[in-house]
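This chain uses plain numbering: 1 for the first residue, then up along the sequence.
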Amino acid sequence: MDQLLNKEERLPAFKLTIVQYGIVAILLVLLSGLWRLQVIGAQNYRTLAEQNRIRKVPILAPRGKLFDREGRLLVDNYPSVSCFLIREPGRDLRADFPLISRGLHMSMEQLEGTLAHYALTPKYEPIPLKQDITPDEVEFIESHRDELPELETIDEQRRLYPRNGFAANLIGYVGEVSDDMLNDPRFAYYEPGDVVGKSGVEQSYDQLLRGTDGSQDIIVDSHGREVGILGREPAVPGQGLKLTIDLDIQRAAEAAMGDHNGAIIAIDPHTGAVLALVSRPAFDPNDFSVRVSRDEWNKLITDPRHPLLDKAIQAQLAPGSTFKIIMSLAGLEDNVAQELKVVCNGGATFYGRFFACDKRHGPVDILHAIPFSCDTYYYTLAERLGIEKIAYWAHKVGIGQKTGIDLPGEVSGTMPSEEWKMKTFHEKWYAGEAISVGIGQGAVAVSPVQLVRAIAGIASGGVLKRPHVVEPDQLPADFRQAMYDSYPGSGDATIPITPSVWETITDGMALTTTKCAGCTGAGSHLENIDFAGKTGTAQVVNHSAGMKSLGTGAERANAWFVGIAPRRNPDIAVVVLVEHGGWGAEASAPLAARVIEAFVDKQRRLDNNLQEAKVPSKVEVGAVWSEKPEAGAAPEKTTTASVKDSVPAMKGGHFTVPAQ
């Protein structure tokens, strides 16, 4: 019986084998898991452990400051505090949102939207939660360190711009890098939340201005509280830049422009340096230093006056009678205008249509056609030349081409020709179309920067310089090459102009601003200053049909003026555009005269070694900049050699810290 029971209790050999293999398999699974944890995944878990102990906090680099040509501060930085969200492993951030919402004065939708926006960024990167927080919000974060260890404050520098839109379109503004920009290879080095230049100098020179961010490794305990600093990599500040802008000339141009819509640009024809650039209406770039609200942004982009448009380089409008300078160049160089004399009876008929002139000028030759701005003369000249010869000389001086100015968004304008019309409209060019082009109407469209470069080049004997707002010698070689090679065909150029042609044109421009009867710029005359120019009235209604009315409102003519001083080899060239301003002689010419006069007055002070008004070297919180001219006698007379680069100090140009 016992033997029978022992036989029944004994396990079969195959079952024992299965149990043994099962035990071995379990051990192998355990060993493989241990291998993965301690060998294969050791580095990963070591990193996670370090992250629980060490928190990397960014140190944001301050942007480089901007100065005028004399080293006076234009754009500064001011200290600010921003709040970042640290995504702690294993912590439910959303559970803390109600408390964060109350303390930081943010809605739950804003918090959820921010978290969703940065969902794909690496978990170790802090999320910018709120910028430029108030002192009471800083105090809230400090007093809730134990409850909200995920909140971190970071000191940073924010842009401080001149107020009231002073030089806003020239300087530009900064803002958070957008998703579209992050998908652009040009912004490969940017991360979500980075601040980037969005327009003007801030955009063109962002790579130099932005600097390099640093970081700080902070040791934290199990509750996320800071207990020490492990290491620090300091930030490298951005490079400061000295602009070609003269603060005094800029002030004069801003004051002259006032509440008009349009643009003023002044350059040094010898170098192409931009001395002043004004675009109206303007905007306050300080509003963009902290994230601009959606309502405010929509208000700016839907404003029919286009405050974000830099009209000095982006407006494309018919130049009106200022184009007659280029017509005179074409006519004289083609030996047509020298002997051309026209009797103006208030207009003339060409190709079966009557084209009106504003006055009955009587007998007119080329020397008087410029100051009288006789349309009948230039209609006739356009008929004699034809569109191809007009287009040839217009292209020579840069009309219909970008100048290559170192600001973003420049437009090329339009210079019509037979080829242009066939390519654009697939139609042939009709000879009668050149008549309107002869007075700067029709399809021709220019930007103020194009026009100022062209007129400055003609007055300089055919030497055209590329306009620029930053001197190239400040730039690293690779950056300079990339910047200045990006506009092939633009930039410096020299065209052959016969000396007698050059003299005839500049003498005609000088006569324009005298008090002679019939001279269109007589109202802008400056005593004892060799000031030359040309008015322009670009009508919105059809001038060629004989409609002499300037119109009203949106149909009112655009007023232009180009001015130079002195008349030959000028030291300054100015273009003024007043949108819907009416007659150029009344709306634009006086504004240019104010800039030119300011320029000459300053140069006279410098020539006489008079002490200039002093300007604070830095912007203080709440400080206001103002500058008063020093008294000093100017010489009774001026020569062409005494007209050089400057302008009187004027009231204005206030700089304050934006409201917090």
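For the atom pair L74 CG and I245 CD1, the distance stands at 8.0 Å (nearest 0.5 Å). Here the CD atom belonging to E333 is positioned 12.5 Å from the NZ atom belonging to K389, to the nearest 0.5 angstrom. Between E433 atom CD and E427 atom CD the span is 8.0 Å, to the nearest 0.5 Å. The NZ atom of K421 sits 12.5 Å away from atom NE2 of H426, with the distance rounded to the nearest 0.5 Å. Here CD of E202 is found 8.0 Å from CD1 of I171. Values are rounded to the nearest 0.5 Å. Atom OG1 of T403 sits about 5.5 Å away from atom CD1 of I405, to the nearest 0.5 Å.
E383 places no side-chain N or O within donor-acceptor distance of the main-chain N or O of I435, the cut-off being under 3.5 Å. Between the side chain of E471 and the backbone N or O of L243, no donor-acceptor pair lies under 3.5 Å. Between the side chain of N345 and the backbone N or O of A348 there is no donor-acceptor pair closer than 3.5 Å. Distance alone, capped at 3.5 Å, places no donor-acceptor pair between the T535 side chain and the G521 backbone. The closest donor-acceptor contact from the side chain of Y379 to the backbone of A356 lies under 3.5 Å. Judged by distance alone, with hydrogens and angles left aside, the side-chain atoms of Q314 form a donor-acceptor pair with the main-chain N or O of D310 at under 3.5 Å. The backbone N or O of G197 lies less than 3.5 Å from a partner atom in the side chain of D206, making a donor-acceptor pair. Using a distance-only test at 3.5 Å, with no hydrogens or angles considered, a donor-acceptor pair links the side chain of R280 to the main chain of G258. Q338 contributes a side-chain N or O that, together with a main-chain N or O of L332, makes up a donor-acceptor pair within less than 3.5 Å. No side-chain donor-acceptor contact under 3.5 Å links T414 to the backbone of G400.
Side-chain atoms of S328 and Y378 include a donor-acceptor pair closer than 3.5 Å. If you check the side chains of R568 and T506, you find a donor sitting under 3.5 Å from an acceptor. A side-chain N or O of S321 and one of K324 form a donor-acceptor pair less than 3.5 Å apart. A donor-acceptor pair shorter than 3.5 Å cannot be found between the side chains of E388 and S417.
Under the ring-ring contact (aromatic ring centres under 6.0 Å, His included) criterion, F479 pairs with Y205, not counting sequence neighbours.
Of all the heavy atoms in S460 and P570, the pair that sits closest is OG-CD, 3.7 Å. Residues I458 and W502 approach most closely at O-CD1, 3.1 Å, considering heavy atoms. Between W560 and S447, the shortest heavy-atom contact is CH2-C, 4.5 Å. Contact record, E254 with A167: OE2-N, 2.8 Å, taken as the closest heavy-atom pair. Residue T376 comes nearest to C344 through the heavy atom pair OG1-SG, 3.2 Å, listed as atom of the first residue, atom of the second, then distance. Closest approach of L464 to G457, counting heavy atoms only: CG-CA, 3.8 Å.
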**side-chain contact (heavy atoms from CB on, under 4.5 Å) evaluation trace for L317 with V446** = CA-CA 5 Å; L317 300 169; V446 303; over 6 Å; no
**Asked** Taking it one step at a time, do D507 and R567 satisfy salt bridge (Lys or Arg N to Asp or Glu O under 4.0 Å)?
**Response** CA-CA 7 Å; D507 285 345; R567 75 184 73 181; 3.2 Å; yes
**Request:** Determine, step by step, whether Y173 and F283 satisfy the ring pair (Phe, Tyr, Trp, His ring centres under 6.0 Å) criterion, reporting the C-alpha distance in whole Å, the side-chain angles of both residues, the deciding distance to 0.1 Å, and the verdict.
**Result:** CA-CA 10 Å; Y173 65 94; F283 61 96; 5.7 Å; yes
**Message:** Please evaluate residues D492 and R466 with respect to the criterion salt bridge (Lys or Arg N to Asp or Glu O under 4.0 Å), reporting the C-alpha separation (whole Å), side-chain torsions for both, the decisive distance (0.1 Å), and the verdict.
**Reply:** CA-CA 5 Å; D492 295 352; R466 174 180 181 169; over 6 Å; no
**Prompt:** After noting the C-alpha distance and the side-chain angles of K311 and E579, does the key distance pass the salt bridge (Lys or Arg N to Asp or Glu O under 4.0 Å) rule?
**Reply:** CA-CA 10 Å; K311 294 175 182 176; E579 291 182 317; 2.8 Å; yes
**Item:** Derivation of the side-chain contact (heavy atoms from CB on, under 4.5 Å) call for L511 and C519
**Value:** CA-CA 7 Å; L511 192 60; C519 293; 4.2 Å; yes
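At least one side-chain heavy atom of T380 sits less than 4.5 Å from a side-chain heavy atom of L340. By the 4.5 Å heavy-atom criterion applied to side chains, D68 and K242 are not counted as neighbours. By the 4.5 Å heavy-atom criterion applied to side chains, D473 and L475 are not counted as neighbours. Between L407 and N169 the shortest side-chain heavy-atom distance does not fall below 4.5 Å. Two residues are said to be in side-chain contact when any heavy atoms from C-beta on lie closer than 4.5 Å; Q250 and V278 meet this criterion. Within the 4.5 Å cutoff, no side-chain heavy atoms of I455 are placed close to those of T322. Residues K465 and V463 have side chains in contact (heavy-atom distance under 4.5 Å, counting atoms from C-beta outward). With a 4.5 Å cut-off on side-chain heavy atoms, I495 and V397 count as touching.
Taking the six-membered ring where tryptophan is involved, the planes of W429 and W420 are perpendicular, since the angle between them exceeds 60° and thus also 30°.
For the pair D365 and K341, the salt-bridge criterion is not met [side-chain N within less than 4.0 Å of a carboxylate O].
Shown here is E419, whose CD atom has no more than 12 heavy atoms of other residues, nucleotides or ligands within 6.0 Å. No more than 12 heavy-atom neighbours from other residues, nucleotides or ligands sit within 6.0 angstrom of CD on E339.
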